[in-house]
Protein chains: 2
Amino acid sequence: MENDFIKELGYLGFATRLKRLSDMLLQDGRRMYQNLDVDIEPNWYLIFKLLSKHKQLGVTEIAQHLQLAHPSIITITNKMEKAGYLLSIRSKADSRKRVLSLSEKAIDKLPEYEIIWQAGIKSVKDALDDLNILNTLDELEKRFSKSGFQSRTLEQLNKN
Amino acid sequence: MENDFIKELGYLGFATRLKRLSDMLLQDGRRMYQNLDVDIEPNWYLIFKLLSKHKQLGVTEIAQHLQLAHPSIITITNKMEKAGYLLSIRSKADSRKRVLSLSEKAIDKLPEYEIIWQAGIKSVKDALDDLNILNTLDELEKRFSKSGFQSRTLEQLNKN
DNA sequence: CCATATTACGTAGTTAGCTACGCAAATTTA
DNA sequence: TAAATTTGCGTAGCTAACTACGTAATATGG
């Protein structure tokens, strides 16, 4: 059945389709972890990977690296800490700061998860490589960060 | 500052970047409506447009046209009804069904909103036309609906 | 024509983002 | 060095999607 109204809308539906697609991938990823019987959530890989590289980071630092709002990071990392994957200690140099790092459990489990992530990378790469999607994403991010959707549209409105 | 860790992750970060970008556009769209002092929400345009074309549709029918889950449609349309943009009547032919249509207020306001949407379309088109993004989206949707992220990744895992 | 299956809608509860705001610690500046 | 500003974290409350489940009405099939 080919009955997708949003597609008919052309550029008007652009953002909605992007959202629909990314939500779909997210849900599918969650189901994948469940089926593999792995007790992690779809966005945790970000923290695993980032702390593998940087060892110790504060909440705000993580938020900057991932370009997400800091309360989102608190939510994610609190869950990961509760699941035993993260250590959290107060910084001695700056007592406002909470330093996060991977726990032994995390380091233990990482190779197992890495296999899954590598398979994910491979499957996406195989599926999409001809589309040059990463470069397209680079461009989208660059252009919208230079001037956002709102500012572009308001500018357009003022031309009339 | 160029410090985006997710970008470093290549295809691993693909879905996250998609989500981050679409969330960003959504928030920006909401702010735009606020700044224009227009009391509608970013996803309402879908219903306005769909019911402009089809006049009368049930909840499930809308969900099918938009390829979203039906509870999402209930949430959206309930708000729109509360805001006076939708009429909702029980179907005579099938008393389970609730028939939704645009109110007079909606039809009244549509031209005003259409101007905003057209400006949005134009601004996105101007910004992205060389990227061929709609065709890329077509392909992404097609490929992932044929075989989702999970099934591709599990298949990949089983190769080892 | 009655039992069963399907459909349409609704509710409850989850997740992942976000903004706005507050507080306390650190830093800067006058 | 005291006052003002900035920074880092935390909480509260919002939005928009989702799944799972329940119920009532309709459709189907033996």
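All values below were derived from every heavy atom in this structure, side-chain atoms included, with hydrogens, water molecules and symmetry-related copies excluded. What you see is a predicted model; the values in this text were computed from it and never measured. Convention: sequence-line order gives letters A, B, ...; per-chain numbering from 1.
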Using atom names, set out every protein N or O paired with an N or O of nucleotides 21-25 of chain C below 3.5 Å, distance rounded to 0.1 Å.
| unit_1 | atom_1 | unit_2 | atom_2 | d |
| --- | --- | --- | --- | --- |
| C/dA25 | O3' | A/Ser95 | OG | 3.2 |
| C/dA25 | N3 | A/Arg96 | NH1 | 3.2 |

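Atom CD of B/Glu81 is separated from atom P of C/dC9 by 13 Å (rounded to the nearest Å). Look at CZ on B/Arg90: it is 9 Å from C1' on C/dG10, rounded to the nearest Å. The distance from atom CG of B/Asn78 to atom P of C/dA12 is 13 Å, rounded to the nearest whole Å. Going from atom CG of B/Asp28 over to atom P of C/dG17 covers 18 Å, rounded to whole Å. Separating the CD atom of A/Gln150 from the C1' atom of C/dT19 is a distance of 15 Å, rounded to the nearest angstrom. Rounded to whole angstrom, the span from the CG atom of B/Asp23 across to the P atom of C/dT19 amounts to 10 Å. Rounded to whole angstrom, the span from the CD atom of B/Gln27 across to the C1' atom of C/dA16 amounts to 11 Å. Taking atom CG of A/Leu66 as the reference point, atom P of C/dA16 lies 14 Å away to the nearest angstrom.
Placement of B/Leu26 and A/Leu26 in two distinct hydrophobic clusters is found when ILVMFWY residues are connected by side-chain heavy-atom separations under 4.5 Å, directly or transitively.
Checking B/Ser123 against A/Thr153 by side-chain atom types alone, a donor-acceptor pair falls below 3.5 Å. A/Tyr85 and A/Asp39 are linked by a side-chain donor-acceptor pair at a separation below 3.5 angstrom, with hydrogens and angles left out of the test.
The 5' end of DNA chain C is approached more closely, in terms of each residue's nearest nucleotide, by B/Thr60 than by the other of A/Trp44 and B/Thr60. Each of B/Leu57 and A/Leu26 was matched to the nucleotide of DNA chain C holding its nearest heavy atom; the match closer to the 5' end belongs to B/Leu57. Ranked by how close their nearest DNA chain D nucleotide is to the 5' end, B/Lys79 and A/Gly58 are led by A/Gly58.
Close approach of DNA chain D to chain B, defined as any atom under 4.0 Å from a non-hydrogen atom of the protein, starts and stops at D/dT15 to D/dT26.
Side-chain atoms of A/Arg20 come within 3.5 Å of backbone atoms of B/Leu66 as a donor-acceptor pair (strictly under, hydrogens ignored). Put simply, the side chain of A/Thr136 gets close to the backbone of A/Asn132: a donor and an acceptor are under 3.5 Å apart. Between the A/Ser22 side chain and the A/Leu18 main chain, a donor and an acceptor come within less than 3.5 Å of each other. A donor-acceptor pair under 3.5 Å is formed between the side chain of A/Lys105 and the backbone N or O of A/Ala83.
Among the heavy atoms of the strands lying under 4.0 Å from A/Ser72 is at least one base atom, whether or not backbone atoms are also near. Across all strands shown, B/Arg30 has heavy atoms under 4.0 Å from sugar-phosphate atoms exclusively, and none from any base.
A side-chain contact (heavy atoms from CB on, under 4.5 Å) with A/Met80 holds for exactly one of A/Ile40, A/Thr75, A/Leu51, A/Leu86; it is A/Leu86. When the options B/Leu87, B/Leu102, B/Val99, B/Leu100 are evaluated for a side-chain contact (heavy atoms from CB on, under 4.5 Å) with B/Gln56, the one that passes is B/Val99.
In the set C/dT19, C/dG17, C/dA16, C/dA16 carries the atom at the smallest distance from any side-chain atom of A/Glu41.
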Listing, residues 41-48 of chain A side-chain donor-acceptor contacts under 3.5 Å, not counting sequence neighbours, or none:
| unit_1 | atom_1 | unit_2 | atom_2 | d |
| --- | --- | --- | --- | --- |
| A/Glu41 | OE1 | A/Lys79 | NZ | 3.4 |
| A/Tyr45 | OH | B/Leu12 | O | 3.2 |
| A/Tyr45 | OH | B/Thr16 | OG1 | 2.4 |

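Remark: A/Asn43 is in phosphate contact with C/dG17, judged by side-chain N or O atoms under 4.0 Å from OP1 or OP2.
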